[in-house]
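Each remark here refers to the structure printed beneath this line.
No hydrogens, no waters, no symmetry mates; every other heavy atom, side chains included, goes into these values. Just so we're clear, the structure is a prediction, and the values are computed from it rather than from any experiment. Chain letters run A, B, ... following the sequence lines, proteins first and then strands; every chain starts at 1.
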Amino acid sequence: MPEMLEVEAYRRLAHNVLGLAVVAVDAPDAWIVKGGTTPDDLVDAFLGQTFVADRRIGKLLLLDTATGPTLGLRFGMTGVLDVDGVDGIDRLEYGSSRRNPVWDRFGLRFEGGRAMRLRDARRLGGVEVDPDERRLGPDASTLTAAQLRILLAERKAPLKARLMDQSAVAGLGNLLTDELLWRASLDPARPAGSLSDPERRRLRTHLHQTLVELAERGGSHTGDLQDSRVRGGRCPRDGAELQRRTVGGRTTYSCPEHQR
DNA sequence: ATTGTGGCCTGCCCGC
DNA sequence: TGCGGGCAGGCCACAA
């Protein structure tokens with residue numbers, strides 16, 4: 001599903017529409033329009049505008065106009081960004097690679113005939129005008145050691161839940177977090193505040209390594225743990241049967257042998 | 001304030 | 001072969 005690595009690919013794709021005037025706004029699905037705005041509001045906000053910058057915070061893609069509003073795009077679990085018929089990613093875990101026109105939930109057409117659209121089978125994504133960026137923590141790819149220490153300190157919530165709390169650190173979803181904690185040999189259910197200094201350093205090291213490595217491989221579903229994230233799956237490191245449980249409200253796979 | 005839970009969306013897979 | 005139940009997870013509202 002689109003976690004920060006996929007949305008980063010979408011951002012690079014969206015870069016292609018910078019500098020082009022919007023000649024049409026297609027918003028056929030009011031459900032996908034969030035933040036108290038309507039499809040008509042989207043037309044008013046972006047028709048005739050030109051995007052001048054592409055940004056990403058966690059799983060939120062932001063396209064800024066020069067003096068007007070900012071477009072915010074969220075992709076939920078099955079959202080794909082398509083520019084001129086090209087998808088931002090090759091394959092979406094848990095998503096369909098089919099292209100049903102009904103799944104086109106939002107689109108912009110630009111001068112010169114170019115087009116950008118949000119395709120989302122399950123309608124878990126969203127489009128917003130001027131999303132509140134303050135509700136997001138620092139992006140996981142730029143998280144400093146000091147920021148990590150502060151966001152974990154004193155917390156009783158499970159480590160995994162805290163890492164997936166987008167207001168604490170933005171960008172980590174279920175697959176990346178399971179992979180990260182498996183690599184860092186940390187139990188997802190540990191209270192976030194219980195990590196020792198060495199454990200926290202280990203977490204941060206693996207965070208950056210995991211993001212770089214999985215980005216190179218092609219996405220959040222390319223982790224070493226991924227193929228074993230099934231009932232009865234075994235730890236690729238030591239062969240122990242993985243534990244399957246709910247942590248932080250999400251299905252969680254972890255190794256009872258080496259994640260402590 | 002912090003943490004936990006349930007519901008929403010709907011395509012797809014599995015078992016009968 | 002068709003059908004239905006369960007499952008996937010990001011996000012939000014709401015409860016404790």
Is a side-chain donor or acceptor of A:Asn174 paired with a backbone partner of A:Thr251 at a separation under 3.5 angstrom? yes
Starting at CZ of A:Arg122 and ending at P of B:dG7, how long is that distance when rounded to a whole Å? 19 Å
A:Arg245 and A:Ser254: side-chain donor and acceptor closer than 3.5 Å? yes
Please give, in whole Å, the distance from C:dC12 P to A:Lys34 NZ? 8 Å
Here the distance between atom P of C:dG10 and atom CG of A:Leu5, to the nearest Å, is 12 Å
Only one of A:Gln259, A:Glu213, A:Gln209 clears side-chain hydrogen bond (donor to acceptor under 3.5 Å, both in side chains) with A:Arg183; which? A:Glu213
For atom CZ of A:Arg119 and atom C1' of B:dT10, their distance in whole Å: 16 Å
Choose from B:dG11, B:dC9, C:dG9 the nucleotide whose nearest atom is closest to any side-chain atom of A:Arg123. B:dC9
Below 4.5 Å, heavy atoms only, C-beta onward: do A:Pro188 and A:Thr252 meet side chain to side chain? yes
Could you list by number each residue of residues 135-167 of chain A showing a heavy-atom separation from DNA chain B of less than 4.0 Å, or answer none if no residue does? A:Arg155, A:Lys156, A:Ala157, A:Pro158
Would a single hydrophobic cluster contain both A:Leu60 and A:Val33, if residues Ile, Leu, Val, Met, Phe, Trp and Tyr are joined by side-chain heavy-atom contacts under 4.5 Å? no
For DNA chain C, determine which residues of residues 242-252 of chain A have any heavy atom closer than 4.0 angstrom to one of its atoms, and list them numerically. A:Arg244, A:Arg250, A:Thr251
To the nearest 0.5 angstrom, please state how far the CG atom of A:Leu207 sits from the CG atom of A:Leu143. 6.5 Å
Measure from CG on A:Leu124 to C1' on B:dC8 and round the result to the nearest Å. 7 Å
Assign A:Arg231 to base, sugar-phosphate, or nothing according to its heavy-atom contacts below 4.0 angstrom with the strands shown. sugar-phosphate
Do A:Val83 and A:Val52 share a hydrophobic cluster, counting only Ile, Leu, Val, Met, Phe, Trp and Tyr and linking them when any side-chain heavy atoms are less than 4.5 Å apart? no
What pairs meet the salt bridge (Lys or Arg N to Asp or Glu O under 4.0 Å) rule with one or both residues in residues 144-162 of chain A, with sequence neighbours excluded? A:Lys160-A:Asp178, A:Arg162-A:Asp165
What nucleic acid atoms does A:Lys59 come within less than 4.0 Å of, heavy atoms only: base, sugar-phosphate, or nothing? sugar-phosphate
Measure the distance from CE on A:Met77 to C1' on C:dA8 and round it to the nearest whole Å. 4 Å
In whole angstrom, what separates A:Arg229's CZ from C:dA8's C1'? 10 Å
Does OP1 or OP2 of B:dG11 have a side-chain N or O of A:Trp103 closer than 4.0 Å? yes
May I have the distance from A:Leu172 (atom CG) to C:dC11 (atom C1'), rounded to whole angstrom? 16 Å
Could you check which of C:dG9, C:dC11, C:dG10 has an atom nearest any side-chain atom of A:Glu3? C:dG10
Could you walk me through whether A:Asp120 and A:Arg105 pass the salt bridge (Lys or Arg N to Asp or Glu O under 4.0 Å) test, one step at a time? CA-CA 7 Å; A:Asp120 182 6; A:Arg105 311 295 181 181; 5.7 Å; no
